[in-house]
Amino acid sequence: MSFLTYVSGIDDSMSQFVAPDPPLNDDKIKELWELEAIGIRDSPKILHQDEIIEFFNKTTIFKDGRYHVKWPWTQYPTDLPPNLGLATGRLTSLVKRLDHQTLELYDQVLQDQLRLGVVEVVDNPAEFPPHPVHYLPHHCVIQEGKTTKLRVVYDASSKTRGSYSLNDYLFKGPRMLDDLVGFLILFRLHDIAFVADIEKAFLQIGLQLEDRDVTRFLWLNDVHAGVHSNNIIHLRFTRVPFGIVSSPFILAATLKYHLTRQGSFEAKTISESLYVDNLLRSVPTLEEAELFTSAPDSQLKGVTFTSQVSGDTSQTSVEEVQIYDRLLTVLGLIDVGLSDSLSEWWKNLETQVCQT
């Protein structure tokens with residue numbers, strides 16, 4: 001649509017109207033609202049989400065009671081550096097920084113993972129295979145009050161100047177989580193609620209052989225003998241480690257893949273109740289509660305996933321269930337069975353925010 005513009009002229013002999021601007025076509029209007037016009041473009045890592053899911057579905061295999069996956073590379077083969085020098089330097093700093101007791105606890109965690117097959121020794125570390133090899137630096141986090149007091153954290157974003165990290169070459173993958181607020185509302189909808197989690201969920205998923213060498217890391221034969229060539233051992237993951245940019249997507253996709261294949265109502269219910277590795281659900285009756293608490297194990301039967309349910313359905317009446325009242329942590333929020341402490345927690349948070 002064209003508009004005539006009125007112009008107040010000084011000379012009456014001149015026309016009081018000027019020719020209108022030509023109309024904008026659809027392409028020109030579209031350009032006004034595109035961020036690319038001012039140089040802002042989407043990262044290629046958040047594109048091709050359908051292709052990433054298709055790649056996962058095609059390459060995932062089920063072997064020995066476990067799903068085995070491949071990393072979703074942004075490009076392959078890559079020029080990913082070995083990172084061995086950086087990993088060695090970080091290990092040296094780590095050993096100097098930790099006391100003897102913490103080093104022994106650190107070693108115990110890694111020895112347990114080695115015994116369980118979560119990690120394995122690299123037989124010939126000096127012989128590089130045709131696929132990428134990359135070493136991950138690591139450090140520890142002390143978790144007071146947790147079953148596992150020490151947790152090892154791997155740094156997949158580490159890199160030297162001018163080079164790339166492992167995370168730089170991996171797709172993050174599509175976000176496969178529903179709205180958190182909706183989860184909490186459904187969790188508090190009925191009188192009987194359940195909180196469950198999948199034990200060590202990321203480490204339940206296997207890595208295919210050719211994708212393991214980018215998860216190598218260094219440790220010591222003797223934690224008290226210092227860092228030197230004769231005391232260093234080369235390890236690598238056989239499972240998906242937490243801390244790599246693709247790991248959350250791989251976990252969510254694996255659970256969705258398995259539950260979809262089950263095709264049952266129970267599997268659909270579990271899939272709708274999962275938030276990362278946490279299962280949240282509430283039901284109105286004890287009968288439904290008893291059915292639901294047995295559903296996770298039955299639907300994950302034959303797969304190396306172990307669910308842990310925080311809830312008690314051994315009682316036989318609603319009155320007896322109501323006696324069961326202890327602190328539960330729900331996705332980082334503190335919730336108590338009988339009292340409405342979740343709302344109290346929110347009120348306290350609002351008060352703290354207002355005061356600051």
Side-chain angles (χ1 to χ4, degrees), residues 143 145-147 174-202 204 242 248-249 251-353:
Q143 306 175 113
K146 294 291 185 73
T147 306
R175 186 178 184 271
M176 302 183 71
L177 298 176
D178 292 327
D179 180 56
L180 176 58
V181 175
F183 266 91
L184 291 175
I185 291 173
L186 289 174
F187 171 69
R188 297 172 60 80
L189 185 62
H190 300 293
D191 293 335
I192 304 172
F194 296 91
V195 180
D197 70 326
I198 299 174
E199 185 178 6
K200 296 180 173 59
F202 290 95
Q204 305 291 348
F242 180 75
F249 159 72
L251 174 62
T254 303
L255 289 170
K256 186 79 68 178
Y257 180 80
H258 173 73
L259 292 169
T260 301
R261 291 179 64 189
Q262 300 303 300
S264 64
F265 173 77
E266 291 83 3
K268 182 176 182 295
T269 303
I270 292 171
S271 180
E272 292 171 348
S273 307
L274 279 173
Y275 193 86
V276 191
D277 59 346
N278 298 279
L279 189 148
L280 306 179
R281 194 74 180 184
S282 64
V283 293
T285 66
L286 278 176
E287 290 75 16
E288 291 182 62
E290 291 171 355
L291 289 173
F292 190 77
T293 51
S294 62
D297 287 335
S298 64
Q299 295 306 311
L300 298 174
K301 186 177 181 181
V303 187
T304 318
F305 282 114
T306 304
S307 62
Q308 297 180 323
V309 180
S310 298
D312 193 346
T313 58
S314 61
Q315 298 92 338
T316 57
S317 67
V318 176
E319 288 75 14
E320 289 177 352
V321 170
Q322 287 178 340
I323 296 173
Y324 179 75
D325 180 22
R326 68 181 180 85
L327 283 170
L328 292 176
T329 302
V330 182
L331 298 180
L333 305 178
I334 299 298
D335 188 47
V336 180
L338 298 182
S339 61
D340 190 12
S341 65
L342 186 59
S343 61
E344 293 299 324
W345 175 90
W346 182 255
K347 290 177 183 177
N348 292 336
L349 180 62
E350 286 181 324
T351 303
Q352 294 173 14
V353 171

### Query
Who passes salt bridge (Lys or Arg N to Asp or Glu O under 4.0 Å) against Lys256, sequence neighbours left out?
none

### Task
Taking side chain to side chain contact (heavy atoms under 4.5 Å, CB included) as the test, write out the residues that go with Ile185, two or more places apart.
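Once residues adjacent in sequence are excluded, the partners of Ile185 under the side chain to side chain contact (heavy atoms under 4.5 Å, CB included) criterion are Val181.
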
### Message
Suppose we screen for side chain to side chain contact (heavy atoms under 4.5 Å, CB included). Which residues come up paired with Phe249, at least two apart in sequence or across chains?
### Response
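Here the qualifying residues are Ile52, Ile53, Phe56, Pro174, Met176, Ala253.
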
At their closest point, which heavy atom of [X] faces which heavy atom of [Y], and how far apart are they?
X      : Y      : value
Leu255 : Val276 : CD1-O, 3.8 Å
Ala267 : Leu259 : CB-O, 3.5 Å
Tyr275 : Arg175 : OH-NH2, 4.1 Å
Ser282 : Arg188 : OG-N, 4.3 Å

### Task
Give, for atom OG1 of Thr254 and atom CD of Gln204, the distance between the pair rounded to the nearest 0.5 Å.
11.5 Å

### Message
Would you compute the distance between atom CG of Leu189 and atom CG of Leu184 and round it to the nearest 0.5 angstrom?
### Response
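That separation rounds to 12.5 Å.
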
### Query
Is the CZ atom of Phe242 crowded by more than 12 outside heavy atoms at less than 6.0 Å?
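Check fails, neighbour count at 12 or below.
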
